[in-house]
Protein chains: 2
Amino acid sequence: MRQIAADVGVQAGALYNYTPDKQSLLFDLMKTHMDELLEAWQAEKSDGTPLDRLEVFTRFHIRFHLDRPDAVFIAYMELRNLSPENFAAIEALRKRYEDELEQILSDGKQAGVFHQPDTKLATLALIAMLTGVTTWYRGDGRLTREGVADLYWDMVRKAVGA
Amino acid sequence: MRQIAADVGVQAGALYNYTPDKQSLLFDLMKTHMDELLEAWQAEKSDGTPLDRLEVFTRFHIRFHLDRPDAVFIAYMELRNLSPENFAAIEALRKRYEDELEQILSDGKQAGVFHQPDTKLATLALIAMLTGVTTWYRGDGRLTREGVADLYWDMVRKAVGA
DNA sequence: GTCTATACTCTGATAGAC
DNA sequence: GTCTATCAGAGTATAGAC
């Protein structure tokens, strides 16, 4: 709390005018992140073919996460420091996001364009693969953000047999 | 440290007969984990075709990580608590492991059986995808460990165009 | 709304007896 | 090798002045 206070230019005690305690502050950070993720996806998602929707999801996920490395880091690494109730709330939001991808994969399989044997596992596997980009991508590296998205999309597409 | 001491049945001070400080204890845990990973892989790897080697790697990675959920959790979540020198040492070991997969993918591409456009990115993407299994797999769930490995292998194989 | 001051607790680590 | 006792520092949070 002292470190946060120093970064925003006040003394530690002054922070408690804005948050009742540290746990609430962490929860608000994570909840805001997940709300923004879901809201941004609702604004981005389209009604095309399953293949198109999967590509939109893939590129959206990479772009959104690369735009917010700090929030993503917190959202994954601080889960264990949430109270049980707060953890459940964040997990529910995460599940809603996973369901968006699962629905695309499910529709694609039904349409005969995707061929994953297990849609639920494919959902989790693809999200893990895509989110991993935040652990290694650096803006000054050899690949542009668009280049990275192209490469991930190639793998996603193939992984579901499209 | 008091919590660890309580779990092993001694007082906190007694732990310092076994480790000079907490940082060393964490580093030793993570280093041991990485050493075991590399050693186990050396014992497991074979000389077959790239496709066979990739399958062996996939199944090995899943099995090894599902066998050690606690060590895996620490190895990923506590990286930020390592001193810079210790972090560099662990990262070097991690890189050696990644290089094992990268070599397989590289050989497969050269042989014309894999078709990933970017071998380095494919390496990181696949490891992230596979390691993700530890965040959701539960032994009492609907899938057996072998079933999970089969499903991941199907996705890995397709993702590299094999 | 921010400050200073401080209460209270926890933490890693050490000292010295046994 | 373990214990008890304790230190020094950091942590979250609160009180009261301005």
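Basis for what follows: all heavy atoms, side chains included, without hydrogens, waters or symmetry-related copies. Below, read A as the first sequence line, B as the second, and so on, with proteins coming before strands; counting in each chain starts at 1.
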**Study point:** Sequence-distant partners of R53(B), salt bridge (Lys or Arg N to Asp or Glu O under 4.0 Å), two or more places apart
**Key:** D107(B)
Point to revise | Non-neighbouring partners of K158(A) that pass side chain to side chain donor-acceptor pair (under 3.5 Å), sequence neighbours left out | key: D154(A)
Exercise for review: Can you tell me which residue pairs pass the side chain to side chain donor-acceptor pair (under 3.5 Å) test with a partner in residues 2-14 of chain A, sequence neighbours excluded?
Suggested key: none
Revision key, fill the gap. Going by chain and number, the hydrophobic cluster around V72(B) (ILVMFWY, side chain to side chain under 4.5 Å) further includes Y76(B)
Point to revise | Residue-level proximity of residues 12-21 of chain B to DNA chain C when a heavy atom falls under 4.0 Å | key: G13(B), Y16(B), D21(B)
**Study point:** Rounded distance in Å - CD1 (I4(A)) to C1' (dT12(D))
**Key:** 11 Å
**Study point:** Test side-chain contact (heavy atoms from CB on, under 4.5 Å) applied to N86(B) - qualifying residues, sequence neighbours left out
**Key:** Q23(B), F27(B), L82(B), S83(B)
Review point. Does anything in residues 80-90 of chain A reach DNA chain C, meaning a heavy atom under 4.0 Å, and if so which residues?
Key: none
Review point. Quick one: ring pair (Phe, Tyr, Trp, His ring centres under 6.0 Å) pairs with a partner in residues 125-151 of chain B, sequence neighbours left out?
Key: none
Review point. Would you find a donor on one side and an acceptor on the other, under 3.5 Å apart, between the side chain of N17(B) and the backbone of A14(B)?
Key: yes
Exercise for review: Decide whether D35(A) and T32(A) meet the rule of one side-chain donor and one side-chain acceptor closer than 3.5 Å.
Suggested key: no
Check your understanding: So, the side chain of Q116(A) versus the backbone of L105(A): is there a donor-acceptor pair under 3.5 Å, distance only?
Key -> yes
Point to revise | Outermost nucleotides of DNA chain C that come under 4.0 Å of a non-hydrogen atom of chain A | key: dG1(C) to dT4(C)
Check your understanding: Side chains of T58(B) and E55(B): is there a donor and an acceptor less than 3.5 Å apart?
Key -> no
Polar atom pairs (N or O), protein with nucleotides 9-11 of chain D, under 3.5 Å:
from: dG11(D); atom 1: N7; to: R2(A); atom 2: NH2; distance (Å): 3.0

Practice item. Any pair with a residue in residues 129-139 of chain B that passes salt bridge (charged side-chain N to carboxylate O under 4.0 Å, His left out), sequence neighbours left out, goes on the list, sorted by first then second residue, please. Key: none
Study note, to complete from the structure: salt bridge (charged side-chain N to carboxylate O under 4.0 Å, His left out) pairs touching residues 117-128 of chain A, sequence neighbours excluded, are E98(A)-K120(A), E102(A)-K120(A), D118(A)-R142(B)
